[in-house]
Each structure stands twice: as C-alpha cells, then as structure tokens.
Amino acid sequence: MTRFWLLKILRTVLTLWFVVTFAFVVLRTSGDPVVALVGGDATPEEVEQFRQLWRLDDPLWIQYFRYVIQMATGQFGISYRDGREVIDIITERVPWTLILGLFSYIGAILIGVPAGIFAAIKRGSTFDNLIMATAVFGFALPNFFLGILMILLFSLSLQWLPSSGTGTVWHLIMPAITLATFTAGTLARFTRSAMLEVLDKLYIRAAAAKGVGYWKRIVFHALPNASIPLVTIIGLNLGELIGGAIVVETVFAWPGVGRLLVTAVSSRDLAVVQGLVLVMAVTMVLANLVVDLLYGLLDPRIRVQN
Amino acid sequence: MFTRREVGSLILGAGALSMVGNLPKANAAERPSLNIAVDNLWANMATINGISTTSRRIFPNFYDNLVDRDYIKDENGLIFAPKLATKWEQNGTVWKFTLREGVKFHDGTEMTAEDAVFTLSPERLWGAKPFEPRGKTFTAGFKRVEATGKYTFEIETERPDPNIPSKLTGYIGFVVPKKYYMEVGVDAFGQKPIGTGPYKVTTFRSGEIMVLEAFDDYWDGPPPVKQISWKIVPEFAARMAGLVSKEFDFIVNIPTDQEAALEKYQGVTLKRVLADNYPALAFNTRPDPVDNPLVDPNLRYAMVQAIDMNAIVQALFNGTTEHPAVPFNFTEYGKFYDPKAPVKLPYDVAAAKALVAKTKYKGEKLIWHITRQYYPNYEAAAEIMVEQWREVGINVEAQILDNFELVYRRPYHLMNMSMSSDFIPGDPYQPLWLDWGPTASRSTATWKTWDPTPEYLAAGKKFDEAIEFEDRKKAYLELSDAWQKVTPGYYMWKSVYNCAHRAGIQFKFKPNGEMRIYGDYFKFV
C-alpha cells in the first residue's frame with residue numbers, strides 16, 4: 001500500500017513538473033511578452049527598460065530555475081500587467097469559478113445521471129429517444145452559442161434574468177445552465193450505456209429470481225456496478241468544466257479564473273498564466289486522485305488488487 | 001497650433017472662466033448611480049503607464065489636466081480652458097504656470113506646485129530611468145521643471161516651444177500627488193490612483209470592474225452622479241441586452257453592423273463621434289526581406305492608387321466617417337487643413353497598372369500582417385483591398401494574427417497600425433513628425449518599416465523648430481511632401497467611437513474617446 005501511494009505521489013510530482021515546464025517553454029518561445037504588454041508604440045528603449053524591470057533580460061535557463069523554485073515554494077510572482085501578486089489575483093477569482101463550477105457540476109450530475117438511468121430502464125421507448133436526443137443536443141451545442149442565445153431570449157426579449165455579471169442568485173442561472181448543459185448531456189449518455197451493460201448481467205437476473213424488488217435491483221445492484229465508468233467520466237469532466245468556464249465566464253462577464261486566463265493569455269501576462277496553469281494542473285491531478293480513491297471504495301476487487 | 005496673440009486671449013479667457021468655477025450643484029444626497037458596461041479596462045491606471053483607449057475613456061473622471069480642451073464651444077476642441085492651471089504665459093524658452101488654489105486630491109491633501117512639478121519631472125517622465133518611461137515621448141525638449149512658489153511653476157525647454165499648454169491637455173497634464181505616488185510606487189499607484197478629479201477611485205479590480213464615487217470636495221463642486229461602476233462585459237450581446245433591460249445606463253464599443261439593430265430599441269440613444277485617430281497600414285519600405293518588392297516607391301504608389309477607399313468606407317461605415325485623401329490634411333487641424341489640397345495619389349486603376357508596369361514586380365506574394373479584431377472593420381476592408389490590388393496585378397495575402405507581438409515578426413510587407421492626431425490640438429506634430437520621425441518606433445524598432453530620408457529629416461527639423469504659424473505651415477507642407485514622396489504608409493479612415501445610453505441622459509461624447517460624467521458633458525434630463 002505504501003509503495004502504491006509513493007508511486008502515486010511521484011507520478012503527481014512528475015506530472016506537475018512537466019506541466020510547469022511545458023507552460024514555461026510554450027510561453028517563452030511563442031513571443032516576446034514585453035512587446036505585447038507595452039504596446040506597439042513603445043520605443044526600443046522603453047521596451048528594454050521594461051525587460052530589465054521584469055528580469056526578462058536574464059538568460060532563459062536562469063529564468064527557468066527561478067520560475068521552478070518560485071512555483072515549488074508557492075511564490076507565483078508579480079503580474080506584469082498590473083504589478084499585483086499573482087496569488088492574490090488568482091485567489092480573488094477562484095471562489096467565483098468554484099461557485100459557478102459547483103452549481104453546474106452538481107446540477108449536471110443531478111440531471112444527467114437520473115436521465116441516463118431512466119433512459120436505460122425505458123430502453124427503446126419514446127422517453128429514451130427523447131432523453132438521448134436532448135443529450136446529444138446538449139453536448140453538441142457550443143456553449144458560447146447557447147450562452148448568447150440565452151442572453152438574447154431571457155435578458156433582451158423577456159427581460160427575466162440579468163444579462164451578465166454577479167450580485168444575486170439570478171446572475172448565476174444562465175451561466176450555470178450554459179456550463180452544465182454539456183456535462184449533463186455527456187453524463188446522460190454514459191450513464192445509459194453503463195446501466196444497459198449492467199442490466200444485462202446474470203447477477204441482476206439472479207437478484208430478480210431471488211425476488212429482489214425492481215427499484216431495489218436498480219438502486220442497490222445495478223447502479224453501484226455501473227458507477228465505475230461514471231466516476232471516471234465525472235472526474236474527466238472536471239477538465240471540460242474548466243475549459244467551458246473559460247468561454248462561459250467571458251460571455252457572461254463572470255469574474256472567475258477562466259476569464260482571467262483569457263485576459264492573461266491575450267496580454268501575455270506570463271506570471272499569471274503560469275500560476276493559473278499550475279492551479280489547474282493541481283486541480284486535475286487531485287481530481288484524478290479522488291477518482292482513483294473512489295474506485296477502491298466502489299469496487300472491492302480494485303482495493304484488493306492495490 | 002496657436003499664435004502668440006491667440007495664446008494671450010486664451011490666458012484672459014482662462015482667468016475669467018476660473019472665477020466662475022464654484023457654482024452651486026444639485027443636492028448631493030439625491031444623486032443617482034450609473035452602471036457602464038465597457039468592453040475592456042486597461043490593467044494599469046497610472047497616467048502614462050496606463051495609456052490606452054480604454055483608460056482615456058475614464059481618466060478625466062478622476063484626474064484633472066492642467067489645461068483643458070473645450071469641446072462644448074468648439075467641435076474640434078481647439079479652444080483651451082483653464083483646469084488645474086488658471087494662467088499660463090510664455091517668455092522665450094520658459095513657460096510660467098499659475099495653479100488653481102484650494103484644489104484637493106482625493107486623499108484630502110492640497111495640490112500645490114510641488115505636485116505639478118513632480119508630475120512633469122525627469123524622475124517620473126523624462127530622466128534616465130523614469131518611473132513611467134513612455135513619458136519621454138511627450139516631453140521631448142524639456143530642460144527644467146521647477147516650482148517658483150506654492151502655486152506657480154515653470155517649464156523650460158531647449159528651444160522656444162509654443163505648444164507646451166497644448167501638450168498639457170493630454171496624458172502628461174494629469175496631475176498626480178507626489179507624496180502618495182512616492183509612498184506607494186508607480187505600480188501600486190496604477191492600481192489605486194489618486195487625482196483631483198470629480199470622482200475618486202474606490203474599487204479597481206483589473207480585468208473586472210472599476211468603481212468611482214463622487215468626490216464632494218471637488219474644486220468645481222460636487223459631481224452629478226453618486227457612484228459610477230465601469231464593468232467589463234466582453235460580449236456585445238450581453239452589453240446590448242443589459243442596456244435594453246436597463247441594467248446598464250451606458251454601453252460602449254458597439255460593432256458598426258449592430259448599430260441599426262440597437263437603435264431600434266426604445267429609450268436607447270446611440271452616440272457616435274469621429275475620433276482623433278486613423279487606422280492605417282505601413283508599407284515595409286526596407287530591404288528586409290532582401291527581395292522585398294516594396295522598396296520600389298512606384299509599387300507603393302500603385303497600391304495606393306488601386307484602392308477605392310471612399311467606396312470601402314461608405315460600404316463599411318455607411319457614411320459615418322471619411323477617408324483622408326491627402327495624408328495629414330485632417331479637418332481637426334484647423335488652419336493647417338486645406339480642403340483644396342492636391343491629391344497626389346488618387347484612386348485610378350489605369351494609373352496603378354501603369355505604375356506596376358514600371359516596376360520589376362512579377363506577382364510575388366506580399367504578406368500583410370493584421371491584428372485580429374483590433375480596429376473595427378479593418379479585416380473587412382482588407383478583404384476588399386486585397387481584391388482591388390489583385391485587379392491591378394498585385395498579389396497580397398492578409399494574415400490575421402492574434403496580437404501585435406506576432407504582427408511585428410518578420411517577414412512582412414505590410415502591417416496594420418493606427419495614428420492618433422491629438423497630442424497637440426490643431427497641429428499635425430504627432431502623426432507627421434512624432435510618429436514617423438527619427439525617434440519613432442516606426443523608424444527605430446526591430447520591426448521598423450522605414451528609414452526617414454534626409455529630405456524628410458531636414459523638413460522635420462524646420463517644422464520642429466518653427467514657432468510662428470506661417471513658418472510652421474510652410475514646414476508642414478514641405479514635411480508632408482517629403483513623406484508622400486516615400487509613402488511609407490496609407491491612412492484609411494477616421495476612427496469612429498460610439499456608445500449608447502438610456503433615456504433621461506444628455507451626454508456629449510468627446511473625440512478622444514473621453515466619457516466625462518460631469519460638467520457640460522453630462523446631465524440628467
């Protein structure tokens with residue numbers, strides 16, 4: 001068991017190092033951040049002064065080591081764009097993304113999973129077809145398009161909901177629905193497939209033969225066995241949610257990390273982008289770790305193997 | 001550009017206006033608040049490090065200039081009015097300024113000559129390592145800035161410079177408090193700026209929101225609005241929906257093709273103003289790449305003559321703006337502007353074809369670097385221009401790139417750019433000399449597109465040193481001729497700034513994009 005955890009931790013550290021290095025290489029080789037930040041009219045003298053100010057005139061390897069040490073010690077540095085501590089900039093945005101993400105994630109699970117279960121139970125029925133058509137529509141519809149459609153309908157025409165920003169719970173509705181639609185659609189499809197596979201298993205028939213009630217068979221026998229692929233998908237979908245948040249937060253002017261990333265990348269604010277990449281990588285790594293742990297909890301065979 | 005007599009009359013006007021400054025204002029307690037949805041907010045609000053269209057929009061609400069341009073009395077803003085300076089006079093190379101007394105910064109300290117001098121000092125703008133390096137561009141020729149009393153100071157320049165008050169109407173004229181600025185440093189100042197304007201900054205979260213609150217100790221009386229929130233709403237549909245549903249009182253930056261749709265909504269007023277700014281393209285006139293066909297001026301002339309820019313402007317802007325047929329002959333330049341100025345390179349397809357025939361150009365691909373969605377309608381215009389060039393046998397490929405850093409990467413033959421024209425009100429100094437001259441980025445940066453010719457430099461020296469209007473106009477024409485002889489660029493149209501507001505507001509939009517929420521520029525009706 002100790003070896004298992006040591007391997008997990010080593011793999012996690014290696015993943016984070018790779019992500020950090022990859023971000024550094026891509027950002028340094030894809031252009032000069034000083035020119036992007038000071039603008040087109042700056043003279044070479046001004047550009048050079050800013051380069052010195054931000055220590056971008058040091059050799060690349062010195063910049064790299066400084067950067068890795070900073071990342072390892074949790075010092076994300078100063079934003080080139082506004083001179084503030086990157087950690088402050090990120091931490092003031094994280095709660096907004098968490099609120100949006102949690103509402104969307106929980107909403108997507110509460111809608112997607114039951115919809116998939118019912119579609120599987122009513123396989124081949126009109127109800128099944130309707131749910132699956134809706135699910136395909138949900139994950140095929142680009143979220144920027146859905147977001148704008150919702151703004152035009154609910155804010156411009158009907159004037160029921162605020163068009164953008166934060167402040168009340170009403171502000172959360174449209175961005176959360178937009179962000180949840182894709183995940184709910186995906187979850188519905190995967191739940192249906194996983195349930196169909198399990199419902200055909202012999203042990204479900206055996207349970208029926210033993211007189212176990214219909215809903216008891218579904219909830220206590222089929223669902224736990226179908227949950228392994230579902231947990232994997234839910235874990236992976238966290239990445240989709242972060243990706244989706246970039247678009248949704250921009251469309252709805254939601255002040256989260258997704259919008260911060262867009263601004264930082266477009267203005268080549270290296271320190272902020274690097275900090276965000278690390279935060280997102282840690283989030284994904286932790287999510288995968290939780291999924292691994294859940295496998296063990298859900299399936300005793302995996303526990304025993306480990 | 002002003003003659004000495006005009007400067008004298010301005011001083012008298014300044015004195016008279018300064019006496020009527022403190023008129024009673026509306027009851028402060030009854031003031032409403034405003035929500036303004038903007039497309040962007042610059043990350044830094046220091047007066048020089050924060051230079052951008054998006055900060056210029058807001059600056060005059062919390063900073064005051066030493067000298068103001070009065071757009072109420074003159075559409076082109078060529079009348080000066082006193083602001084923090086009430087009097088100014090020139091004596092050779094020295095300008096003496098008298099400051100308004102009793103003006104307070106937002107932290108309650110009094111503004112004195114020490115602050116004004118620091119604002120224009122070498123340590124902040126034009127020394128060896130200034131706090132705000134871009135200040136050097138606007139302070140060329142400064143030799144000494146010194147306080148001569150609590151409310152008086154002097155600026156000495158290397159040569160007599162009649163345009164110092166004009167220059168103080170721009171970014172360098174926004175006065176900052178020395179003590180606070182030095183205490184917090186330039187970066188922190190850019191995040192929590194303090195000025196003497198009618199509103200004080202209470203919240204600034206870069207990339208999200210800026211909140212201003214009424215500064216009731218303002219020297220010109222309490223402003224009309226209690227609180228102004230400038231919120232970033234990147235998506236236009238959300239800005240439009242917010243205005244129509246009355247979440248926002250103002251929105252800015254409306255795409256040209258959406259203006260008509262927006263105007264159809266009841267209670268929405270669209271405002272457009274022709275800006276002191278021109279999107280343009282630069283020809284790469286240098287042998288870099290070595291086989292650059294554009295080193296031949298005939299090919300550049302042909303490219304200019306092949307474009308029917310009036311038709312393009314009409315199609316894209318529906319007649320709301322205009323194409324300057326003669327470079328630098330801009331209407332906002334008052335007496336410099338000549339409506340009958342000869343057009344040396346008019347639209348003429350046959351002439352363009354003849355010019356191409358004179359060159360060694362054989363249809364090689366010319367690369368045009370364009371920044372994605374930076375200038376409204378630029379990409380659409382480029383598509384049409386590429387086809388018009390194809391008609392005369394010139395093969396141009398427009399490459400749309402994500403940012404200026406990519407645009408500046410060689411090789412390229414053409415690149416997008418824009419030129420402002422308002423650094424010295426009524427004078428073509430900025431676009432003609434500051435932006436193309438020997439110290440400009442266009443002639444010094446690694447991505448430079450031209451090398452100023454001896455003829456241009458000689459004419460520029462004369463223009464830079466000319467004081468009297470007649471001498472300056474003569475030098476201007478000579479300098480413009482020298483530029484046109486090379487034709488290192490092409491001015492496309494005068495930019496249009498737009499915004500829309502709800503009913504119940506009377507608003508005057510300024511051509512430099514400023515949105516002043518006070519004085520004669522803004523009223524609730």
Side-chain angles (χ1 to χ4, degrees), chain A residues 30-50 52-53 78-84 89 92-93 96 144 147-149 151-166 249-253 255 259-260 262-269, chain B residues 35 37 40 42-45 49 51-52 129-130 133-134 136-137 185-188 190-191 204-209 231-248 265 371 402-409 415 417-418 420 435 439-442 444-448:
Chain A
S30 61
D32 186 343
V34 182
V35 174
L37 280 160
V38 299
D41 291 332
T43 62
E45 194 188 356
E46 289 160 18
V47 170
E48 200 46 45
Q49 197 171 333
F50 279 109
Q52 285 172 15
L53 189 71
I78 304 284
S79 161
Y80 301 159
R81 199 163 168 259
D82 59 21
R84 294 172 64 209
I89 297 173
E92 78 186 18
R93 299 295 192 101
W96 293 108
F144 74 88
I148 291 173
L149 279 184
I151 289 172
L152 294 177
L153 179 64
F154 294 109
S155 301
L156 188 65
S157 299
L158 301 171
Q159 301 191 9
W160 289 351
L161 292 169
S163 58
S164 60
T166 58
E249 288 180 1
T250 303
V251 169
F252 291 100
R259 213 174 116 204
L260 178 64
V262 173
T263 316
V265 168
S266 60
S267 61
R268 305 199 64 74
D269 193 345
Chain B
N35 281 310
N40 203 358
W42 199 243
N44 189 317
M45 291 289 168
N49 280 352
I51 288 176
S52 79
K129 287 206 166 181
R134 293 187 71 183
K136 281 185 186 180
T137 312
V186 60
D187 287 336
Q191 296 307 303
F204 177 44
R205 287 197 294 275
S206 145
E208 189 193 340
I209 191 170
K231 296 176 181 172
I232 298 184
V233 181
E235 175 54 48
F236 170 69
R239 294 202 296 275
M240 179 170 79
L243 180 69
V244 174
S245 62
K246 299 185 179 62
E247 284 170 68
F248 302 129
Y265 288 98
T371 321
D402 284 330
N403 56 50
F404 271 102
E405 198 278 322
L406 297 172
V407 166
Y408 293 150
R409 280 198 203 176
M415 71 154 69
M417 58 174 193
S418 77
S420 292
D435 288 344
T439 58
S441 51
R442 282 161 195 90
T444 57
T446 51
W447 50 267
K448 64 182 178 177

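These numbers were taken from a predicted model, which means no experiment stands behind them. Quick note: numbers below take in every heavy atom, side chains included, and nothing from hydrogens, waters or symmetry partners. Each chain gets a letter, A, B and so on, in the order its sequence line appears, and its residues count up from 1.
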Student: Taking the side chain from A:R259 and the backbone from B:G207, do they hold a donor-acceptor pair closer than 3.5 Å?
Tutor: yes

Student: Looking at A:L156, A:V262, A:T263, which one has more heavy-atom pairs under 4.5 Å with chain B than the rest?
Tutor: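 Between A:L156, A:V262, A:T263, the count favours A:L156.
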
Student: Using non-hydrogen atoms only, which part of B:F248 is less than 4.5 Å away from chain A: side chain, backbone, both, or neither?
Tutor: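 Side chain of B:F248 only, per the 4.5 Å heavy-atom cut-off to chain A.
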
Student: Most heavy-atom pairs under 4.5 angstrom with chain A, which of B:N49, B:I232, B:D187, B:N40?
Tutor: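 Option with the top pair count is B:I232.
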
Student: Are B:E208 and A:R93 packed together at the side-chain level, in the sense that at least one heavy-atom pair is separated by less than 4.5 angstrom?
Tutor: yes

Student: With chain B, which of A:L152, A:L260, A:V251, A:I78 has the greatest number of heavy-atom pairs at distances under 4.5 Å?
Tutor: A:V251

Student: Got a sec, which residues hit salt bridge (charged side-chain N to carboxylate O under 4.0 Å, His left out) with B:E247, two or more places apart in sequence or on another chain?
Tutor: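 Per chain and number, B:E247 pairs via salt bridge (charged side-chain N to carboxylate O under 4.0 Å, His left out) with no residue.
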
Student: Any idea which heavy atoms bring B:V233 and A:A253 closest together, and the distance?
Tutor: CA-CB, 3.9 Å

Student: Name the option with the most non-hydrogen atom pairs under 4.5 Å to chain A; the candidates are B:K136, B:M417, B:K231, B:M45.
Tutor: B:K136

Student: Just give me the residue among A:S155, A:S163, A:S79 that pairs up with chain B most often, heavy atom to heavy atom, under 4.5 Å.
Tutor: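 Option with the top pair count is A:S163.
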
Student: With sequence neighbours excluded, what pairs up with B:S420 under the side-chain hydrogen bond (donor to acceptor under 3.5 Å, both in side chains) test?
Tutor: B:N277

